[in-house]
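Below is one structure, written out as structure tokens, with a few remarks after it.
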Amino acid sequence: MGTLIELLDQTELEGVTQPLQRAWTLPPGAYTDADVFSLEVERLFNREWICVGRVEQVAQPGDFLCVDLPAQPIVITRDRSGNLNALSRICLHRGMPLAEGSGNARRLTCPYHNWVYELDGRLRGAPMMEGVEDFREKDCRLPRLALEVWQGFVFVNLDPDASPLAPQLSGLDRLVGNYGFQNLVIAETLHFDSPWNWKILVENFMEAYHHIGTHRNTLEPLYPSRHSTAPDNDGEPWAFLWMPGAQAVAEDSVVFPDLTADERDGLFAASVFPTFLFAATSQNGVWYQLEPRAHDRMDLKIHVLLPPAVADALSDEERRGIRELISAIHIEDIAANEGPWRGLHGALTVQGRLSTFEKAIWQLNQYWVGRMR
Ligand code: FES
Ligand SMILES: [Fe+2]
């Protein structure tokens, strides 16, 4: 793995960091080069705040949720004191993962040789270790990650010196505050195979320019491309895309009571860099849980978020309707992900120019180059 300057062309990188009106896209190698991904693991995924779950997924003492960061399998636990913990879920003995999936347990027991861990990471017992010198169970503890809950989303950070997340999101807080994401729950989850670079999906999520092409018959009539705007983020690690609605939304379909009139008709998409994506209309929120696995693939789960009372009252037919709507839009977006992924490998493919309607991509690119360099 080299430095960014060794991996990508210096002049092309300078094009990326120009003011928006003069800016270029990331060079194709930023997406297609496995060494760039290795550098992203070191500079982004091992150092930045990564969203791994919703607080209601680990609501009760004993609840645990396993997540694979690109360079570390972890587990989020709610211990018996009610505290949330983000821990390495790799056994301190010989490297076995302690758990998979999610569930509720009093303790975590390694399935290999039955070492038992408390939910706060302390080793409680290790059988048949008598006679082993300088080994004291009480000195052993699973490595811990920094953890913060923001708007009901659980973020973790592998860097012990990372600056707290919430103060960096104060501007975004104000923009999404009326939706009350901290009060929502996951009502539905859809899984999608996503064998392409993660940044292609993030970029596509963060501009409405493609409504005129990809979503010409679906989103464009509701949220016209040309009306979309993105505020300045003052160098904070987030972007917000506002898409005003062209049609009035029926009052009785609004599930967020505190929205302004504009918010009731519109759609927002937002990102906390590098990988956290969420969006909402007045009818529901969505969280795109994106987990990069390599330069050429990621796991994608799309979660629909609703107030608990609304989620509980959904009929099967309403649930099916929500799933079909989310699916239909994402299937259109798959074409807009898979196409550029193929295209970026072309021998003649070059760095492109950005529209001013792609400001959020430009904001991501400034962050990306800043952290990667
Ligand atoms: S690897 Fe976990 S107990 Fe041996
Ligand atoms: Fe789209």
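Indexing begins at 1, ligand by ligand and atom by atom, following the structure's order. This one's a predicted model, so the numbers in the text were calculated from it and none came from an experiment.
The closest side-chain donor-acceptor pair between His215 and Asp333 falls under 3.5 angstrom. A side-chain donor-acceptor contact under 3.5 Å links Asp173 and Gln151. Side chains of Trp238 and Gln168: no donor on one and acceptor on the other come within 3.5 Å. A donor atom on one side chain and an acceptor atom on the other are found under 3.5 Å apart for Gln72 and Ser88. Under the 3.5 Å distance criterion, with hydrogens and angles disregarded, no donor-acceptor pair is assigned to the side chains of Glu358 and Ser355.
Within the protein, the N, O or S atoms sitting under 2.8 Å from atom 2 (Fe) of ligand 1 are Cys91 SG, Cys110 SG.
Here the side chain of Ser225 pairs a donor or acceptor atom with the backbone of Ala208 at under 3.5 angstrom. Side-chain N or O atoms of His227 include none that pairs as donor or acceptor with a backbone N or O of Tyr223 at under 3.5 Å.
Aromatic ring pairs are classed by plane angle as parallel below 30°, tilted from 30° to 60° and perpendicular above 60°; the pair Phe278 and Phe181 is perpendicular.
Among the candidates Ile76, Ile74, Ile50, Val52, the single residue satisfying the side-chain contact (heavy atoms from CB on, under 4.5 Å) test with Leu145 is Ile74.
Around the Fe ion (ligand 2), protein N, O or S atoms at a distance under 2.8 Å total 4; waters are neither shown nor counted.
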